[in-house]
Amino acid sequence: MEEQRKFPDYEAKWQKVWAEHKQAASDSTTPKSDRDFYILSMFPYPSGKLHFGHALPYTLTDSMARYLRMNGYNVLDPTGWDAFGLPAENAAIENKIHPSKFTYDNIEAMRKQKHAFGYSFDWDREVFTCRPDYYQWTQWIFLQMLEKGVAYRKKARVNWCTHCNTVLANEQVETIVKDGDEFQACFRCESRVIIKEIDAWFLRITDYADRLLAGLDKLGDKWPEKVSNQQRNWIGRSEGVNIDFTAKLSTEETLTVFTTRADTVFGVTYVALAPEHPLVEQIIAQLDEKKAKQLREFVKDTLAMSEQDRAGDAEKEGINTGFIAVNPLSGEEVPIFVANYVLMYGTGAVMAVPAHDERDHEFAGEYRLPIKQVIEPVNDDEVDVAEEAYTEHGRLIHSGAYDGLTTAEAVKKIAADLKGKGKGGPQVNYKLRDWGISRQRYWGCPIPVIHCPKCGIVPVPENELPVKLPDDVDFLPTGQSPLTLHPDFQKTRCPKCGGEDARRDMDTMDTFVDSSWYFLRYTDPHNDEKIFDRAKCAHWAPVDLYIGGREHAILHLIYARFYTKFLHDIGLIDFDEPFTRLYAHGLIQGESIKVVNEHMNRYVSAEEFAKLKKEGKATDKDITRRIEKMSKSKKNGADPTALMEQYGADATRLAILFLGPGDADSAWDPNGMKGPYGFLRRWYDTTLQCAPMVEDIGEAPAGTEYPPAAKALRAAAHSLIDKVTREFEGRYAFNTAIAQGMALLNDITSFVRANKQPDGPSRFALREAFEAMVVTLSPFVPHTAEELNQVLGHKESVFKRAWPKADPAAMQLDEVEIPVQVNGKLRGTIMLPSKATKEEMEQLAMANENVQKFVEGKKINKLIAVPGRIVNIVAK
RNA sequence: GCCGGGAUGGCGGAAUUGGCAGACGCGGUGGAUUCAAAAUCCACAGUCCUUCAGUGGGCGUGAGGGUUCAAGUCCCUCUCCCGGCACCA
């Protein structure tokens, strides 16, 4: 009886060998050549546990890195830690551990897990964003931005997470629906976001809007369209026209509106201001007390809502200020409203055209404002603007000199005329807003500026960097920056005037700042003189292939592009796009089970459900199964590290890759380990069993004649080489490459069973098949490949071997099976030499017995023979 | 509403880009082995009809139409699902 054996038992051994003979990336200053390849997976936040969200991209990255090295590339494949951030701080508050300890402990644990998976990262280049030797340069970049006016401070209405007690950037706010209630929430903790007015630092990413857009075009199909589109959407460029109305207050003021439909300007029946509009204050000051109070309250109530909540399904409301605005083109006088539906976008003021804008139409209906049609359809649309706004393009009417023009013509002409009159002109607006980076929390990068009562804002001199984050801080979140509570940190001298009562800025930076440039630091991670050596950076960067999740489509990926452009502008680097190709991997989801019956109404794990079933507390009828994102609350998670401990790293890597194409979401099946694990075991056993037959023979001499079965085996082996190579050369659908590997093992098994005592040529073929498997599958399952490589008699590491080339001649079989159709329906197959001519194919096809049955008594209209593919007979 | 992406057996997913639909794996069924089970190995397996059987045939890639000798793949119309954005003037 065989004892329960431990399989695999060789992974730790090979990991040790690799550690001793590592293939590190070279530290070169020569210009980047096309043999230098920078592959990068997004570095993780050190949560302490490696989950599928990490295991998939790292496995993809590692496989590609190994493939590239075997193909003679000089590869950089680093990793590090996005180590600042709120989870550490929150955990610290909960468990009373210092965020620093929490973070480093987690890093230690995750580093072990990464090693255990056999990932071949360049560990020598590991970076930690929370270490002074890194954030010194985060601060340094900030100072450069300050100098160039890209970083600036302003009092602004910002998103504020009530749970995290800190500011959030626009990109970090998401709309969520909970219990039918839709609201704006923090991307991290899903708590409600409110608007708060606060002094904060901003980065002028809006100045880069056009370049960020142009860059997307340049990246083209090297980036998934999905991601590019999301970014385009987010930047939200819109071309329109600014039109200066004259507001008749006690003085005449210019009131500029932005519109994309300047052609409807003769249809304006009122002008509406956002409650935040600067003119509103002025208007309030000029109203009588009662009216002023009413308006002031309206503004206050509206602003109490977050901008997005205001945009939700709130009723349109507004207040007629009683003041008048003059239309610069028609000369018409229209009332000025302050309205809740007008956002502080564009100029924060709109010209309202109820006849041709749904929102204005709704508002006009409520406040009984006139509706004036100025566009008529050019098709046969029915139009009744009293009923419904007509928003299509058309031809102008009731528009004085512009009558008869089309929308497009009119917009152009009106813009030009306005410009000529000095009353406005073409204008481009963006939805993108500047990036607010001040965070009122502790565990982040300190902002290197000093507030001096005399000199104002003074940058910390570069030679005093880093501004170190103090350890001894009471970091309970109060809504105030924890650093405020640290007396020594905040007290400092003004570097400019030497004044003693200067204070440091006590906020820290958004953690997305830390990760906006880390990929450049990897190229020269230990430089303590400079952010990085220019030549060293140029040797590797930009990143050739960046692998990460789609959840960063807007956040990290837009910030990193912005930073790269800035660093390019200050002359530090020659490129202005950081990631030449982006691979957005999918999400591994899990099946959740929700039980609803008289006992319970909640999610249960698969094991729990099995137990409940046994106890009779739940049946298949009581449950809803859904494939969704793994989460604790849904109890549908699976832990790759646990799988690795049970089945080994290779089986886990294989299972992850085999699940489906890496860029698609796929569902984790708890049985998903069985196939890959069984495959590795059979492969191992079969190789060991056959080794005596093949280990001592060398290469087959040229001109070797193979028996048909051996020939078929060779064809299969070379097809595997061809298939795997093709997948690595761009498609990356490794599930199909692995499937082909499994198929070859099946072929080997049948071959061995049918050839108990193989002759010489058969043994060559068999060896070739084993070799093909070992080498081509080594990027996916490095330990097993390394082990079997040794079993086959190789002394050197499989990763030192050259990647094989498929031999087209070997892939070609002597005879092929060709399907024969009659009128497009399969009626038989014929065997014939692969080099057969069309005529031979046709002849043999017609001779087929079953085919005969279907063409009998019919006239052959056409005969189509595609060599090597198919024969189709058209008969009537 | 707008922008993307999807829909193929019981399940995950294949299909060299127009050429035998369902590779490979899971689950399932039958068999071998076993006192029995697990594990392992072998075989079968889209679906419906037909034949005692070997067999033979119809139908099949979300729905409907079209192009073609030939359509999962190309074109038109529609439905549903997923992701993102959304009072952005």
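Residue numbering restarts at 1 for every chain, and letters A, B, ... go by the order of the sequence lines.
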Subject >> Between CD on residue A:Q812 and NE2 on residue A:H718, distance to nearest 0.5 Å >> reply: 13.0 Å

Original post:
Hey, does A:E817 reach any base, or is it just sugar-phosphate, or nothing, if we go heavy atoms under 4.0 Å?
Top reply: base

**OP:** May I ask you to say what A:N746 touches in the nucleic acid, namely base, sugar-phosphate or nothing, with a heavy-atom cut-off under 4.0 Å?
**Re:** sugar-phosphate

Original post:
For the ring pair A:F337 and A:F363, is the centre-to-centre distance below 6.0 Å?
Top reply: yes

Original post:
Please, which pairs that meet salt bridge (Lys or Arg N to Asp or Glu O under 4.0 Å) have at least one residue in residues 229-241 of chain A, sequence neighbours excluded?
Top reply: A:D210-A:R237, A:D217-A:R232, A:R237-A:E239

**OP:** Represent RNA chain B in dot-bracket notation, 5' to 3'. Only Watson-Crick or G-U wobble pairs with both distances under 3.5 Å count; pseudoknot-style crossings use [ ] and interstrand partners use |.
**Re:** (((((((..(((......[....))).(((((.......))))).((((......))))..(((((..]....))))))))))))....

Original post:
How are the rings of A:F734 and A:Y732 set to each other: parallel, tilted or perpendicular (split at 30° and 60°)?
Top reply: tilted

Original post:
So with a 6.0 Å cut-off around NZ of A:K222, is the heavy-atom count from everything else above 12?
Top reply: no

**OP:** Compare the minimum distances between each of B:G19, B:G25, B:U40 and the side chain of A:R681, then state the nucleotide with the smallest one.
**Re:** B:U40

Original post:
Touch check for A:R682, heavy atoms < 4.0 angstrom, all strands: base, sugar-phosphate only, or nothing?
Top reply: sugar-phosphate

Subject >> Side chain of A:T749 (C-beta onward), nearest among B:A89, B:C26, B:C42 >> reply: B:C42

**OP:** Tell me what A:F854 touches on the nucleic acid: a base, only sugar-phosphate, or nothing, going by heavy atoms under 4.0 Å.
**Re:** sugar-phosphate

**OP:** Describe the nucleic acid contact of A:V874 in one word from base, sugar-phosphate, nothing, applying a heavy-atom distance below 4.0 Å.
**Re:** sugar-phosphate

Original post:
Do A:I205 and A:L432 come within less than 4.5 Å of each other through their side chains, counting heavy atoms only?
Top reply: yes

**OP:** With the side chain of A:K825 defined as its heavy atoms from C-beta on, choose the nearest nucleotide among B:A86, B:G58, B:G19.
**Re:** B:G58

Original post:
Within a reach of under 6.0 Å around CD of A:E366, are more than 12 heavy atoms found that belong to other residues, nucleotides or ligands?
Top reply: yes

Subject >> Non-hydrogen side-chain atoms of A:T59 and A:F780 separated by less than 4.5 Å >> reply: no

Original post:
B:A89 phosphate, OP1 or OP2: any side-chain N/O from A:Y341 under 4.0 angstrom?
Top reply: no

Original post:
Given B:G25, B:A89, B:G84, which nucleotide is nearest the side-chain atoms of A:V342?
Top reply: B:A89

**OP:** Mark up nucleotides 1-13 of chain B, 5' to 3', with B wherever a protein heavy atom is under 4.0 angstrom from a base atom, S wherever such an atom reaches only the sugar-phosphate, and - elsewhere.
**Re:** --SB-------BS

Original post:
How are the rings of A:W668 and A:F52 set to each other: parallel, tilted or perpendicular (split at 30° and 60°)?
Top reply: tilted

